[in-house]
Asks: 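Before we start, here is the structure in question, set down as structure tokens.
What's counted below: heavy atoms across the whole structure, side chains too, no hydrogens, waters or symmetry copies. Naming: A, B, ... by sequence-line order, numbering from 1 per chain.
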Number of protein chains: 2
Amino acid sequence: MRPSLDTVFAALADPTRRAILSMLLEDDMAVTDVADPFDMSLAAISKHLGILAAAGLISQEKRGRVKWCKLEPDALREASVWMQGFGQFEPVHLDAFERFLAQELDAPADPAA
Amino acid sequence: MRPSLDTVFAALADPTRRAILSMLLEDDMAVTDVADPFDMSLAAISKHLGILAAAGLISQEKRGRVKWCKLEPDALREASVWMQGFGQFEPVHLDAFERFLAQELDAPADPAA
DNA sequence: TCCATATTCAACCTTCAGGTTGACCAACGG
DNA sequence: CCGTTGGTCAACCTGAAGGTTGAATATGGA
């Protein structure tokens, strides 16, 4: 299930989740350790991690009874590249971008079916 | 008030709003014209435009009775910079963009299951 | 075997996002 | 003036997001 831009951007829209990503930038972490600095229940953090994983922004691997969380920057890369299309700040493949544009316009309010 | 990453990412999380941004990439547009391709009430589009404006992603200028919407790509820069922090990867990678394109075109209506 | 640890599940609550509709206001063209 | 067009406002509905709590499900260690 490849994550969509919808889920990626939605995942990034929450400050708690962005903070988690920042933490994971340093190193892989167990769920409990991720939750530690937050004033929030473990269950809530677990949900946040689930959302990040669903967006493809992290991966989770269970070793023993500990679930390790690992940053997966690839999903970010795609979103980043999408954004670059709007800036004149970086060179971009206009032809490819325009194909993408056309596709977006064909199905504007994608019913997420 | 400078828009936060929260509002920018939240604004980008909606496919209708991303489609609107794509449209504005081509040219400035009036609200009614923006709404035209969407199967959605004008009021709804007006709200979407308000959200995009609040996020700083577009600006709106009223001339006569027509309100013109203009893309403001600078707002994306901050978010883009934030995201770059997660890549040890280079600023823009066309390979990545093309992979993204291929995926997007392969399965346009992501089930988001 | 028994208890503690790690994590999720299920049910629930509250807030907000995204949509509708209909009334409303402003500006233009006779 | 007057009707039409462009756009917003206000009230409302529905569903989902983000949080809580408490029970449930491994796994590890003694």
Asks: Atom CZ of A:Phe38 to atom C1' of D:dT20: distance rounded to whole Å?
Replies: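 The distance from CZ of A:Phe38 to C1' of D:dT20 comes to 17 Å, rounded to the nearest Å.
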Asks: State the CE-CG distance between A:Met29 and A:Leu49, to the nearest 0.5 angstrom.
Replies: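 Separation between the atoms: 10.0 Å.
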Asks: In whole angstrom, give the distance that lies between atom CE of A:Met40 and atom P of D:dT21.
Replies: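 It is 12 Å, rounded to the nearest whole Å.
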Asks: Does a side-chain N or O from B:Lys67 land closer than 4.0 Å to OP1 or OP2 of D:dT8, or not?
Replies: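 So the side-chain polar atoms of B:Lys67 do come within 4.0 Å of the phosphate oxygens OP1 or OP2 of D:dT8, strictly under.
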Asks: A:Asp36 CG to C:dA6 C1': how many Å, rounded?
Replies: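 In whole Å, C:dA6 C1' lies 13 Å from A:Asp36 CG.
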Asks: Give the nucleotide from the list D:dT8, C:dG19, D:dG19 with an atom nearest to the side chain of B:Val31.
Replies: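 In terms of side-chain proximity for B:Val31, the closest of D:dT8, C:dG19, D:dG19 is D:dT8.
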Asks: Whole Å only: how far is the CD1 atom of A:Ile51 from the P atom of D:dA16?
Replies: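 Whole-Å distance recorded here is 13 Å.
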Asks: Please pick, from C:dT21, D:dG7, C:dA6, the nucleotide with the shortest atom-to-atom distance to any side-chain atom of B:Ala30.
Replies: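 Comparing C:dT21, D:dG7, C:dA6 against the side chain of B:Ala30, the answer is D:dG7.
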Asks: Without swapping roles, check the side chain of B:Ser22 against the backbone of B:Arg18 for a donor-acceptor pair under 3.5 Å.
Replies: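 Yes, because the side chain of B:Ser22 sits within donor-acceptor range (under 3.5 Å) of the backbone of B:Arg18.
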Asks: Between D:dG7, C:dT20, D:dG18, which nucleotide gets closest to the side-chain atoms of B:Ala44?
Replies: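 Comparing D:dG7, C:dT20, D:dG18 against the side chain of B:Ala44, the answer is C:dT20.
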Asks: Counting side-chain heavy atoms from C-beta on, which of C:dG18, D:dG6, C:dT8 comes nearest to B:Asp14?
Replies: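 Nearest nucleotide to the side chain: C:dG18.
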Asks: Closer than 4.0 Å, any side-chain N/O of A:Ser41 to the OP1 or OP2 of D:dG19?
Replies: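 The answer is no; no side-chain N or O of A:Ser41 sits under 4.0 Å from OP1 or OP2.
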Asks: For A:Arg17 versus A:Ala10, what's the shortest heavy-atom pair and its separation?
Replies: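 Closest pair (atom of A:Arg17, atom of A:Ala10, distance): NH2-O, 3.1 Å.
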Asks: Please tell me which of the listed nucleotides, C:dT20, D:dG18, D:dG6, lies nearest to the side chain of B:Val66?
Replies: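 Minimum distance to the B:Val66 side chain belongs to D:dG6.
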Asks: Round to the nearest Å and state the distance from B:Leu12 atom CG to C:dA17 atom P.
Replies: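 Rounded to whole Å, this separation is 15 Å.
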Asks: Among C:dG22, C:dT7, D:dG18, which is the nearest nucleotide to the side chain of A:Leu42?
Replies: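 Nearest listed nucleotide: C:dT7.
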Asks: If you take atom types as modelled and just measure distance, does the side chain of B:Lys62 reach the base of D:dG7 with a donor-acceptor pair under 3.5 Å?
Replies: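 Looking at the base of D:dG7, it does not pair with any donor or acceptor on the side chain of B:Lys62 (distance under 3.5 Å).
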Asks: For a quick test of reading the model: is some side-chain N or O of B:Arg65 closer than 4.0 Å to OP1 or OP2 of D:dT4?
Replies: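 No, because none of the side-chain N or O atoms of B:Arg65 sits under 4.0 Å from OP1 or OP2 of D:dT4.
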Asks: Can you measure B:Arg17 atom CZ to C:dG19 atom C1' for me and round it to whole angstrom units?
Replies: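 In whole Å, C:dG19 C1' and B:Arg17 CZ are 12 Å from each other.
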Asks: Start at the 5' end of DNA chain D and walk down; is the nucleotide closest to B:Lys47 or to B:Asp33 reached first?
Replies: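 Nearer the 5' end of the strand: B:Asp33.
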Asks: Does some side-chain heavy atom of A:Leu12 sit less than 4.5 Å from a side-chain heavy atom of A:Val8?
Replies: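 When only atoms from C-beta onward are counted, A:Leu12 and A:Val8 do touch, with a gap below 4.5 Å.
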Asks: Mind calculating the distance between CD1 (A:Ile20) and C1' (D:dG18) to the nearest angstrom?
Replies: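 Roughly 12 Å, once rounded to whole Å.
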Asks: Grab the CG-P distance between A:Leu49 and C:dC9 for me, whole Å please.
Replies: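 It works out to 13 Å between those atoms.
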Asks: Can you work out whether A:Arg63 or A:Thr16 has the more 5'-proximal nearest nucleotide on DNA chain D?
Replies: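 Here A:Thr16 is the residue nearer the 5' end.
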Asks: Roughly how far apart are A:Asp74 CG and A:Leu71 CG, rounded to 0.5 Å?
Replies: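 Output value for this atom pair is 10.0 Å.
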